[in-house]
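Here is the structure we will look at.
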Amino acid sequence: MLYGLLISSAAAKMILHYGICFAIIFVAVLVLGLRKRRTRKELRFEFVKKQIVKSKTCAEKLLAAKHKVPFLGSTKLLKLAASVEEATWYVLQVVEVKKEMLFDGVANSLDALATKLVNTASEGYVSMQDFEESVSEAIKTLDGAIEKVNSIIAR
């Protein structure tokens, strides 16, 4: 009767191995659940507006520091394009997940802006005049997007 309660070392190792695997799977599922919850939180209209404002702030900083730009203009434009693309992604998520079709025009204008910035930056060297024009146009487009988002939120 006592022999049934004893566990061999191989069985103990197997139980320990399965216990560790179960713990890893449990932690992974927990992390995925929290991440999904965080993603849902990001799909609020205010968060989308915050991302667009963040892109506008980046553009304004670039325009303010234009005297430091001559050799790194294309790199700075690519940084701005990445910020605009991130905002575009969030706007498209609102369109897709929340089925808010009013954001579709905002997404299209931001996508067109990001494409134009990347095309300008892909030329290699960007003159100071082209840089200023691109960043100024980006600020105007982002202002228009912020106004559209504000009007959508206000309704």
Side-chain angles (χ1 to χ4, degrees), residues 1-65 68-69 72-124 126 134-135 138-139 141-155:
M1 179 139 168
L2 219 42
Y3 293 111
L5 296 177
L6 296 177
I7 299 176
S8 68
S9 65
K13 287 180 184 177
M14 184 177 73
I15 290 172
L16 182 64
H17 178 71
Y18 282 123
I20 291 172
C21 289
F22 176 73
I24 291 172
I25 290 171
F26 179 74
V27 168
V29 168
L30 185 65
V31 167
L32 287 174
L34 292 175
R35 185 163 174 91
K36 183 176 181 182
R37 187 178 212 190
R38 180 175 172 253
T39 305
R40 276 192 199 152
K41 183 179 178 184
E42 291 176 349
L43 291 177
R44 296 178 314 177
F45 299 148
E46 291 80 17
F47 183 80
V48 171
K49 179 183 171 188
K50 182 179 175 184
Q51 291 300 315
I52 297 171
V53 169
K54 181 178 167 185
S55 296
K56 181 183 173 206
T57 304
C58 179
E60 288 172 343
K61 285 181 183 177
L62 288 178
L63 199 59
K68 300 178 183 178
V69 175
L72 300 175
S74 62
T75 307
K76 301 288 185 179
L77 284 180
L78 287 174
K79 179 182 175 185
L80 178 59
S83 178
V84 172
E85 285 173 355
E86 183 179 357
T88 304
W89 186 83
Y90 286 116
V91 172
L92 287 173
Q93 290 302 308
V94 167
V95 170
E96 185 176 321
V97 174
K98 293 200 173 190
K99 307 294 186 214
E100 189 67 42
M101 292 301 153
L102 296 174
F103 276 86
D104 198 31
V106 176
N108 289 337
S109 66
L110 291 177
D111 188 41
L113 173 64
T115 303
K116 183 171 184 196
L117 289 172
V118 168
N119 289 340
T120 303
S122 67
E123 296 172 2
V126 178
S134 296
V135 175
I139 291 173
T141 304
L142 291 168
D143 278 335
I146 291 170
E147 288 176 14
K148 288 179 187 176
V149 170
N150 283 336
S151 68
I152 292 170
I153 291 173
R155 65 173 177 97

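Count residues from 1 along the sequence.
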How many angstroms lie between [atom1] in [X] and [atom2] in [Y], if you round to the nearest 0.5 Å?
X: Tyr18; Y: Ile25; atom1: OH; atom2: CD1; answer: 11.0 Å
X: Leu113; Y: Asn108; atom1: CG; atom2: CG; answer: 12.5 Å
X: Leu63; Y: Lys76; atom1: CG; atom2: NZ; answer: 13.0 Å

Do the side chains of Val106 and Ile52 get nearer than 4.5 Å, heavy atoms only?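 Yes, at least one pair of side-chain atoms sits under 4.5 Å.
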
Side-chain contact, heavy-atom cut-off 4.5 Å: Lys79 with Thr75?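 They are not in contact (no side-chain heavy atoms under 4.5 Å apart), so the answer is no.
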
Using modelled atom types and a 3.5 Å cut-off, is there a donor and acceptor pairing between side-chain atoms of Ser134 and backbone atoms of Leu117?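 No, Ser134 side chain to Leu117 backbone: no donor-acceptor pair under 3.5 Å.
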
Donor-acceptor pair, side chain of Ser83 and main chain of Leu80, under 3.5 angstrom: no

Any idea which heavy atoms bring [X] and [Y] closest together, and the distance?
X: Thr141; Y: Ser109; answer: CG2-O, 4.0 Å
X: Ala107; Y: Thr88; answer: O-CG2, 3.8 Å
X: Lys148; Y: Gly105; answer: NZ-O, 4.4 Å
X: Ala114; Y: Glu85; answer: CB-CG, 3.6 Å

Where at least one partner belongs to residues 18-31, residue pairs that pass salt bridge (Lys or Arg N to Asp or Glu O under 4.0 Å), sequence neighbours excluded: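 Output for this query is empty, none listed.
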
Listed partners of Lys56 passing side chain to side chain contact (heavy atoms under 4.5 Å, CB included), at least two apart: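 If we apply the side chain to side chain contact (heavy atoms under 4.5 Å, CB included) test to Lys56, skipping adjacent residues, the hits are Glu60, Ile139, Leu142, Asp143, Ile146.
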
